[in-house]
There are 2 protein chains.
Amino acid sequence: MTTRHHLPVAYEHGTGGSILSGTSRTDAPGGCAEAEEDDRLLQVGDIAKATGKTVRAIHHYEEVGLLTPHARSKGRYRLYDHAALSRVRWIGKLHDLGLSLSQIQQIVSTWEASSSAPGAMSRIRDVYQQKLEEVREQIAHLENLEHELVASLAYLDTCETCDPAELVAACTNCNLHDKSKAEPELVAGIRGGNGHCRQGSNHR
Amino acid sequence: MTTRHHLPVAYEHGTGGSILSGTSRTDAPGGCAEAEEDDRLLQVGDIAKATGKTVRAIHHYEEVGLLTPHARSKGRYRLYDHAALSRVRWIGKLHDLGLSLSQIQQIVSTWEASSSAPGAMSRIRDVYQQKLEEVREQIAHLENLEHELVASLAYLDTCETCDPAELVAACTNCNLHDKSKAEPELVAGIRGGNGHCRQGSNHR
DNA sequence: CGCAACCCTCACGCATACGTAAGGGTCAGG
DNA sequence: CCTGACCCTTACGTATGCGTGAGGGTTGCG
């Protein structure tokens with residue numbers, strides 16, 4: 001909604017859909033003959049908005065070698081092509097996958113230093129393959145925690161039947177809970193552990 | 001297997017199962033009449049080993065108010081009761097759930113400042129309930145990434161049929177891939193984004 | 001008593017991924 | 001030409017969760 005007024009080179013004219021489109025354009029220097037399609041360039045702010053990142057983050061990606069502007073305007077404004085959008089989203093996803101920016105940088109380096117295309121892809125594949133396993137482990141771990149949470153919530157349900165006048169210290173001797181199942185760790189950890197005279201384990 | 005020799009107060013004698021048990025004991029000062037059960041005290045190193053944390057981490061937990069030794073030896077050694085084990089494991093789980101130590105501290109404070117037991121439990125419940133939803137979101141997110149990884153790997157499989165002499169720059173014009181499905185974002189981001197004259201989106 | 005194995009209290013260090021402020025140009029409509 | 005909305009570079013700041021010494025006691029078997 002932030003009304004854009006005067007753009008140097010990349011324009012928006014739409015009403016909010018995908019940012020920019022327009023008439024004026026600036027083909028970047030460098031002698032790249034390209035098909036038409038959509039070669040309007042984007043400013044850093046456009047990239048930021050379109051990807052949900054901050055301008056600072058985009059700059060940061062550049063600092064660590066993850067992104068390079070396609071060109072610069074006369075006034076040294078960074079100008080990006082649309083591939084930059086893919087790149088930034090890609091960075092975000094890999095980051096979500098738990099890769100650090102420097103690890104991502106290594107992938108980029110690997111790719112760029114590689115001459116053989118399938119060779120490069122093969123290494124990327126290895127990284128992805130390994131990440132896939134890690135992600136599956138993480139999922140399993142989270143599902144574990146999920147179950148623990150559910151169990152704890154069920155356990156804590158019983159507390160609703162407790163007398164509100166009861167003091168927390170009395171929990172140690174509580175006998176409202178189902179004796180057949182142990183106290184979930186997520187519950188056990190709350191009590192005790194701060195030195196105060198405590199130690200009973202399972203309320204009996 | 002680090003042989004323990006001279007312990008101040010908490011002993012081990014077992015053969016590796018659960019750390020400690022023994023004969024000598026030191027009931028902590030403070031006038032806590034307790035049932036027998038298992039009130040031998042543990043040193044910080046014991047807690048560390050039993051929980052997989054480092055001694056420094058245990059100290060750190062204390063620094064931020066998450067854990068307090070049950071007592072101190074004459075020589076100022078920290079002595080913990082078994083509840084500390086639960087507490088440390090609990091901290092670890094909550095941390096895995098994405099809570100920061102200070103957030104965990106808030107839970108502890110909430111608990112300790114609370115007089116009404118069910119009231120306190122109710123607030124803990126709320127936290128857990130919310131965490132449960134977050135965890136489920138995280139799982140969904142990871143599953144999304146998992147699918148993207150799988151799709152990308154499938155896509156990259158095709159690259160194996162590519163001529164190893166092919167240059168990475170040629171990927172732009174690659175036509176080996178199934179034209180019916182789009183290039184996964186995890187693949188698209190690799191190419192382009194570093195300014196070099198590029199911009200074709202889907203290899204045609 | 002001697003010694004190994006532990007523990008204690010500072011207190012600075014570190015890696016990540018930006019946040020944020022400072023001081024100062026650039027762009028294009030009006 | 002003016003102006004508002006943007007952008008640039010430089011550079012220090014921040015929050016987390018411990019890591020890593022430094023310098024120096026404590027414990028208790030033998």
Side-chain angles (χ1 to χ4, degrees), chain A residues 1-13 19-20 22-24 26 41-49 51-67 69 71-80 88 91-92 94-96 98-105, chain B residues 1-13 19-20 22-24 26 41-49 51-67 69 71-80 88 91-92 94-96 98-105:
Chain A
M1 306 301 175
T2 34
T3 352
R4 303 282 301 292
H5 285 306
H6 318 299
L7 306 182
V9 92
Y11 291 172
E12 72 175 4
H13 101 245
I19 295 171
L20 47 111
T23 36
S24 172
T26 299
L41 297 174
L42 309 176
Q43 290 187 190
V44 66
D46 298 317
I47 300 286
K49 283 180 205 162
T51 58
K53 304 285 179 184
T54 64
V55 169
R56 178 67 178 99
I58 307 292
H59 286 167
H60 185 59
Y61 294 159
E62 183 175 343
E63 283 170 24
V64 298
L66 281 176
L67 187 66
R72 292 272 192 153
S73 74
K74 276 190 302 191
R76 300 197 49 70
Y77 278 28
R78 272 165 262 253
L79 300 174
Y80 300 90
V88 173
I91 293 168
L94 292 186
H95 196 200
D96 281 353
L99 288 157
S100 68
L101 295 191
S102 61
Q103 287 177 307
I104 300 177
Q105 216 291 313
Chain B
M1 299 305 178
T2 33
T3 351
R4 304 281 301 292
H5 285 307
H6 319 298
L7 306 183
V9 93
Y11 291 174
E12 72 176 2
H13 100 245
I19 294 170
L20 47 112
T23 37
S24 173
T26 299
L41 296 175
L42 309 177
Q43 289 187 189
V44 66
D46 298 316
I47 299 284
K49 282 181 203 159
T51 58
K53 305 287 178 182
T54 63
V55 168
R56 177 68 178 100
I58 306 292
H59 286 167
H60 185 57
Y61 294 158
E62 184 176 341
E63 283 170 24
V64 298
L66 282 176
L67 186 65
R72 291 273 190 155
S73 76
K74 277 189 302 190
R76 299 197 51 69
Y77 278 27
R78 273 165 261 252
L79 300 175
Y80 301 89
V88 174
I91 294 168
L94 291 186
H95 196 199
D96 281 354
L99 289 156
S100 68
L101 295 191
S102 59
Q103 288 178 304
I104 300 175
Q105 217 291 311

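Per chain, numbering begins at 1; letters A, B, ... match sequence-line order.
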Measure the spacing between [atom1] of [X] and [atom2] of [Y] and express it to the nearest 0.5 Å.
| X | Y | atom1 | atom2 | value |
| --- | --- | --- | --- | --- |
| B:Arg78 | B:Arg76 | CZ | CZ | 8.0 Å |
| A:Ile47 | A:His59 | CD1 | NE2 | 11.0 Å |
| A:Tyr80 | A:Arg72 | OH | CZ | 7.0 Å |

Next on the checklist: Quick check: any donor-acceptor pair below 3.5 Å linking the side-chain of A:Arg76 to the base of D:dT9?
Outcome noted: no
Please state how far atom [atom1] in [X] lies from atom [atom2] in [N], giving the value in whole angstrom units.
| X | N | atom1 | atom2 | result |
| --- | --- | --- | --- | --- |
| A:Asp96 | C:dA17 | CG | P | 12 Å |
| B:Leu41 | D:dT27 | CG | P | 14 Å |
| B:Glu63 | C:dC8 | CD | C1' | 12 Å |
| B:Ile47 | C:dC6 | CD1 | C1' | 15 Å |
| A:Glu62 | D:dC7 | CD | C1' | 12 Å |
| A:Leu66 | C:dA17 | CG | C1' | 12 Å |
| A:Lys49 | D:dC7 | NZ | P | 7 Å |
| A:Ile58 | C:dT20 | CD1 | P | 16 Å |

Does [N] have its OP1 or OP2 closer than 4.0 Å to a side-chain nitrogen or oxygen of [X]?
| X | N | result |
| --- | --- | --- |
| A:Thr54 | C:dG19 | yes |
| B:Arg72 | C:dT9 | yes |
| B:Ser73 | D:dT26 | no |

Checklist entry - Do B:Lys49 and B:Gln43 have side-chain heavy atoms sitting under 4.5 Å apart? => result no
Checklist entry - Do B:Ile91 and B:Leu101 have side-chain heavy atoms sitting under 4.5 Å apart? => result yes
Nucleotide of [options] approaching [X] most closely (side-chain heavy atoms):
| X | options | result |
| --- | --- | --- |
| B:Ser100 | D:dG17, C:dC18, D:dC18 | D:dG17 |
| A:Ser102 | C:dC27, C:dT16, C:dA17 | C:dT16 |
| A:His59 | D:dC8, D:dG17, C:dC18 | D:dC8 |
| A:Gln43 | C:dG19, C:dC27, D:dC6 | D:dC6 |
| A:Val44 | C:dC8, D:dC8, C:dA17 | D:dC8 |

Checklist outcome for this item: 5'-most contact on DNA chain C (nearest-nucleotide basis), A:His95 vs A:Lys74, goes to A:His95
Item to check | Closest heavy-atom pair and its distance - B:Ile58, B:Lys53 | outcome: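 Smallest interatomic distance, heavy atoms only, reads CD1-CB, 4.1 Å.
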Checklist entry - Which atoms form the tightest heavy-atom contact between B:Leu79 and B:Ser73, and what is the distance? => result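 Here B:Leu79 and B:Ser73 meet closest at CD1-N, 3.6 Å.
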Next on the checklist: On DNA chain D, does the nearest nucleotide to A:Arg78 precede the nearest nucleotide to B:Tyr61 from the 5' side, or the other way round? Give the residue.
Outcome noted: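 Upstream on the strand: A:Arg78.
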Checklist entry - Starting at the 5' end of DNA chain D, which residue's closest nucleotide do you reach first, A:Arg56 or B:Val55? => result A:Arg56
Item to check | Residue list, side-chain hydrogen bond (donor to acceptor under 3.5 Å, both in side chains) with B:Ser102, at least two apart or on another chain | outcome: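 Applying side-chain hydrogen bond (donor to acceptor under 3.5 Å, both in side chains) to B:Ser102 gives B:Ser100.
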Pairs under 3.5 Å (N/O, protein and nucleotides 22-25 of chain C):
residue	atom	partner	partner atom	Å
C:dG25	N2	A:Tyr77	OH	2.7

